[in-house]
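Below is one structure, written out as structure tokens; comments come after it.
The figures here come from the full heavy-atom set of this structure, side chains too, leaving out hydrogens, waters and symmetry mates. Counting from 1, the numbers follow the sequence of the chain as shown. Everything numeric here is computed off the predicted structure, so don't read it as measured data.
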Amino acid sequence: MDLKILSLATDKTADKLQEFLQSLKADELASLLQNQAVKGRAVGTFLRAILKGSPCSEEDGALRRYKIYSCCIQLVESGDLQQDVASEIIGLLMLEVHHFPGPLLVDLANDFVGAVREDRLVNGKSLELLPIILTALATKKEALACGKGDLNGEECKRQLIDTLCSVRWAQRYMIQLTSMFKDVRLTPEEMNLVVAKVLTMFSKLNLQEIPPLVYQLLVLSSKGSRRSVLDGIIAFFRELDKQHREEQSDAELSELVTAPADELHHVEGTIILHIVFAIKLDCELGRELLKHLKAGQQGDPSKCLCPFSIALLLSLTRIQRFGEQVFDLLKTSVVKSFKDLQLLQGSKFLQTLVPQRTCVSAMILEVVKNSVHSWDHVTQGLIEFGFILMDSYGPKKILDGKAVEIGSSLSKMTNQHACKLGANILLETFKIHEMIRQEILEQVLNRVVTRTSSPISHFLDIIMYAPLILQNCSKVTETFDYLFFLPLQTVQGLLKAVQPLLKISMSMRDSLILVLRKAMFASQLDARKSAVAGFLLLLKNFKVLGSLPSSQCTQSIGVTQVHVDVHSRYSAVANETFCLEIIDSLKRCLGQQADVRLLLYEGFYDVLRRNSQLASSIMQTLFSQLKQFYEPEPDLLPPLKLGACVVTQGSQIFLQEPLDHLLSCIQHCLAWYKSRVIPLQQGDEGEEEEEELYHELDDMLESITVRMIKSELEDFELVIAKSSDIRTNGGFGTSNNICACLVMGVCEVLMEYNFSISNFSKSKFEEILSLFTCYKKFSDILSEKAGKGKAKMASKASDSLLSMKFVSELLTALFRDSIQSHEESLSILRSSSEFMHYAVNVALQKVQQLIRTGRVSGPDGQNPDRIFQNLCDITRVLLWRYTSIPTSVEESGKKEKGRSISLLCLEALQKILSAVQQFYQPNVQQFLQALDVMGTEEEEEAGVTITQRASFQIRQFQRSLLNLLSSEEEDFNSKEALLLLMVLSILSKMLEPTSPQFVQMLSWTSKICKEYSREDASFCKSLMSLFFSLHVLYKSPVTLLRDLSQDIHGQLGDIDQDVEIEKTDHFAMVNLRTAAPTVCLLVLNQAEKVLEEVDWLITKIKGSVNQETLSDDMTPEDASSQAVPPNRLIEKAIIMQLGTLVTFFHELVQTALPSGSCVDTLLKDLSKIYSTLTAFIKYVCQSSRGIPNTVEKLVKLSGSHLTPNKSSNNPKCSEKEKAAVSTTMAKVLRETKPIPNLVFAIEQYEKFLIQLSKKCKVNLMQHMKLSTSRDFKIKGNVLDMVLREDGEDENEEGAASALTQQDREPAKKRRKKCLS
């Protein structure tokens, strides 16, 4: 039978074939076709024969063809056919589809939809036929019965696709179904349907099945709906990551979810590769991705940015055209995230409205962590982004050895956070990925070498993490060659970072020593200082066998980064030889400039403590140096050759030998040796020789002490007599000034030396007081004879040589030592109020130096732990002294020059608290605990919080301020009150804003402002600033601003002199002297901040509305139900804030403010509130909902309170201008500058009000007074007529014009003169 069909098919006409096929039953034909297909013999020829005999022009032939198609589809889906046979059948069927009539095409398509719905498809191979069927159907123009009505072909196709997307798809042929749509011409609506259907299927698939489906979806996106595809993929993985984090946070499930997490991140990596590949082929997809993520920045960034989308963006940087755009987007996101976080942390009002979400920085660091799962395509982008952040937001310049940020406090904090994030990205990437470590290090070292004018400490942290990796990095050795040209700070940081490596790499150590020896003889002073710093570092870290342990000095880098037995390669003997060679090299520095010697003297003490076996060599070197300037004759005065310390070269005179620092170094080394080494000695011969050296040094210091006390001014052979001049200009004066400073330094060193050996001896304390008298003589002469400005500069430049530890011990002895046996000797020092004043002043100077440079001079000056301990001790003493002897009690006694001791104590306390807040924020608990003298171990066990400890200290200073305020106005100490407020401000920042102690502090400050009146403007400003800073962390300050504006209005009166204002007394601190400009400018500044917060909220809800509209296409119900309620809450809060601010500005606009800064600021802020009102009205216009009643009330309030007064405000300003004309024209012009901006802001507000009125059919302008119309139109006919009239009288008018010009010219000149 099959052979007959094949033979009939060879005839030229198909009539006989048709007749034969009609005679066969459908089942017989189907079985024949099935047998041929299964056997695989000439199935294509057989199928062509059947199709030839079944023409679609005849009804029977079309039906037979339809049945054949149905049979073939079942055969292909059965899985019984070979792959090539099935493909051949499908190919033949595709070619013949377009011959089908419309109704049968609909039936075929419905068969496919039914097969999908009922899950009859086995392998989905037949789905290749469906796109051809749908395409052929779309070409049919006639009406077809489809569904419940008659539709044309295009409409039928739309309904079939809709039906297909509404049924459930089986997992096994989901990819084929998605792939099938790429061959169908789809309208945008149909495309959205398909994309939405595929995206909903993600959650029903296994993780491993998602990447191929995503690939097909990306291929399909070339037809359209690119943003929907990207948004859906990102949203799906954002939710998956979120679920995974929640599961991981559960300790019980942490072990169970480890494997799925790895699998998830691997799948994410594969999908990112698919998307990047798709973007390479279709750039429009990349542009849509960037548009989508940029648009999401306006609302809630966490809805667009997530670890997955950030990783995708970083992978996209490998495509050149997108790299810069991606990094700009990420930079903007990071900075905006940090700014938003700071804004939220500083405002309780915002915290109640906007929940804190995951910061972008945390997401980026999560990407770094996830990149361990074969995300090689992400790591390069991470490295680039890390360096971009560090380069863009790192500290820009160095001042006094300390990195300085430029800009406002908000931008400074943001920049610091962004730079720290960049460093964390690089550091974490460095830890995870071994392959790219070399690249990171090379880039870091390149920046270290090339950025000589910028701080590089943030880069050195990365080097310090992994010195062992540097061992094979030739770049380090290359970097050593540039040490000549690098600043000292950079050299010290770099050498400290690679120091552990020098212990295990002989070649690197030799290279460094060679470079340092060359630098020792370089012509540049900085190069020689760098050589000294390098050699001192080597001496500290190559310990000689037998050296005492010095745990308190051990640098953390030596312990945490490299665990290696240094004696395995370098024996102790080799270390000793090496160190002695270095000391010989350093001896050559003693003949160089003072700066080089100074660096050496400051470093020797640390070397001695780290390497005690080098004590003999170091002390011998120092002893030899001192002998050059020491007068051995016991009766010779003065005991030191001060003249030899000063060198004259031509007309220049400068210091050659810092003798005071040399003596300081000897004194500290001697004291340490006596306390640590001598008690452990056994009496060897070498040790006896050392003891002789130390005894000789002791004798020299004793002799210098005695002779310095005996020396008079004339003995120093200086022209320093009381009648002489010590000005620094002129050769003689400069020399005298240098020598006087040396004498003062020597006196300070000797005071510390005698105190350390005194054992509370009466005679020694008398010597200390005599040395102080000598010091004071020179100090007074320098202060009196030098110019005031220069004296201040000199005192700031020359820091005290007393060590911080000694200052701590001295203050403790002077103020807190109550031991009976010490009483008599200490009374000698206590009897001199000048000496006690000096001791506190030095403590203040040390803390100021710490804040200015981040270190203090003297031993342990760069050891943060020691500095912190000394700060605690000093604070405890000063706090006791200030609270025990108040300033009022002290000043009621004898009056002293300058500030009293108690006031100095308070100033030092304020500076110490600032330093602790700046440098020791993590140690605040320890600091406050150290201040609590009565603290016990029981309290520690009870777990006293920082808030409780800070609150205890606050109460002490509150009592002191209340005592001050209780005094009479003329006895009020403004300086002390300001310092107390600064202390309270710093301590209040340690309180938890939700704690009762914080509320108590706020209510106390409020009470002070309400009940006490002081005319001191600076005190009022500090107090009100503290009040505002506390209030914003408790609730919004708008009602407070309204009350203050009423007080200001009552104090200053109304602009209309005929109107009598009833004075309000909300705050007694607002009086006639403080109301303007002090309080007025403060409240206006605070109103600006409130407006900034409101603007931020408006931007946020605008963005969320945009996100709603973007997501409405996919899930309208969810988007609207979830986003609207928070927005309504925020809208209500915005209206409340703006309404109260309108009444606040209404009061100030009516107030007779003095011309100047108050009027300027008021006009600027009025422009801002109108701009904010305009932004809110624009938001309401864009909103799809109707206008709420509260908005209408706000518009009415703004019209009744602000706009009528706008017209009266300008005359008020003009009155001020008229009054000011008599003084200067410039002041008037300055005051009128903000007025055009204000007028423009009001007109913009009215413009959008009119738009909103038209939209909501409510007349919102009924309460507004319309401004003058400034629109105009040039009418051509009128212009021509005027020009003709002008032409007739041209000569006369020309002459008049020239005359007028001559008259006006001098006036213009006068105006310019006035402006300049």
Could you report the tightest heavy-atom contact between L329 and K294, atom names first, then the distance? CD1-CG, 3.6 Å
So V1079 and F1067, side chain to side chain contact (heavy atoms under 4.5 Å, CB included) or not? Walk me through it. CA-CA 11 Å; V1079 178; F1067 293 93; over 6 Å; no
Test your reading of the model: is there a side-chain donor-acceptor pair from S985 to the backbone of L981, 3.5 Å cut-off? no
If you round to the nearest 0.5 Å, how far is NZ of K1178 from OH of Y1245? 14.0 Å
Side chain of S988, backbone of L984: donor and acceptor closer than 3.5 Å? yes
Where L1138 and L1091 come nearest, the two heavy atoms and their spacing: CD2-CD2, 4.2 Å
Before you tell me yes or no, could you show the steps for F349 and L1097 under side chain to side chain contact (heavy atoms under 4.5 Å, CB included), namely the whole-Å CA-CA distance, both residues' side-chain angles and the distance that decides it to 0.1 Å? CA-CA 11 Å; F349 165 68; L1097 283 173; 3.7 Å; yes
Just checking, is any N or O donor in the side chain of S1171 or Q1244 under 3.5 Å from an acceptor N or O on the other one? no
Check: Q1086 and V1032 side chains under 4.5 Å, non-hydrogen atoms: yes
T1005 (side chain) donor-acceptor with M1001 (main chain) under 3.5 angstrom: yes
Nearest heavy-atom contact between D1054 and A1152 is O-CB, 3.7 Å
Keeping the roles fixed (side chain from S1167, backbone from L1163), state whether a donor-acceptor pair exists under 3.5 Å. yes
Does anything in residues 1013-1027 form a side chain to side chain donor-acceptor pair (under 3.5 Å)? List the pairs, not counting sequence neighbours. S974-D1016, S1013-N1071, E1015-R1073, D1016-S1018
Grab the two heavy atoms, one from M1024 and one from C1009, that are nearest each other, plus how far apart they are. SD-SG, 3.7 Å
Exam field: side chain S347 to backbone L344, donor-acceptor pair closer than 3.5 Å: no
Positive for side chain to side chain contact (heavy atoms under 4.5 Å, CB included) with T1172, one of D1095, I1134, V1090: D1095
Pairs in or reaching into residues 1026-1050: which pass salt bridge (Lys or Arg N to Asp or Glu O under 4.0 Å), with residues at least two apart or in two chains? none
Side chain to side chain donor-acceptor pair (under 3.5 Å) contacts in which one or both residues fall within residues 990-1004, not counting sequence neighbours: none
To the nearest 0.5 Å, tell me how far I364 CD1 sits from I310 CD1. 5.0 Å
Just wondering, do Q958 and I954 contact through their side chains at under 4.5 Å, heavy atoms? yes
Side chains of F1176 and L1194, heavy atoms from C-beta outward: is any pair under 4.5 Å? yes
With no hydrogens and no angle check, just 3.5 Å: does a side-chain donor-acceptor pair link Y1179 and E1131? yes
Regarding D1160 and K1164, does a basic nitrogen lie under 4.0 Å from an acidic carboxylate oxygen? no
Can you confirm whether K1063 sits close enough to H1049 that some side-chain heavy atom of one is under 4.5 Å from a side-chain heavy atom of the other? no
Looking at CG of L353 and CD of E1093, how far apart are the two atoms once the value is rounded to the nearest 0.5 Å? 10.0 Å
Going from CG on L1040 to OG on S1006, what distance comes out if it is rounded to the nearest 0.5 angstrom? 7.5 Å
Would you say the side-chain atoms of Y1170 and S1198 include a donor-acceptor pair closer than 3.5 Å? no
OG on S228 to CG on L199, rounded to 0.5 Å: 8.0 Å
Do F1144 and T1039 make a side-chain contact, defined as non-hydrogen atoms from C-beta onward lying under 4.5 Å apart? no
Steps toward side chain to side chain contact (heavy atoms under 4.5 Å, CB included) verdict (V334, T414): CA-CA 9 Å; V334 166; T414 303; over 6 Å; no
May I ask you to test the L1084-L1041 pair for a side-chain heavy-atom distance under 4.5 Å? no
For the residue pair L341 and H417, establish whether any side-chain heavy-atom pair is separated by less than 4.5 Å. no
Contact summary for C359 and S337, nearest pair of heavy atoms: SG-OG, 3.0 Å
Find the distance between NZ (K1168) and CD (E1092) and round it off to the nearest 0.5 Å. 8.5 Å
CA sep, side-chain torsions, deciding dist, call: L289, I234, side chain to side chain contact (heavy atoms under 4.5 Å, CB included): CA-CA 10 Å; L289 174 65; I234 290 170; 3.9 Å; yes
Non-hydrogen side-chain atoms of L290 and R287 separated by less than 4.5 Å: no
More than 12 heavy atoms from other groups under 6.0 Å of OH on Y1034: no
Contact summary for L1052 and A1076, nearest pair of heavy atoms: CD1-CB, 3.6 Å
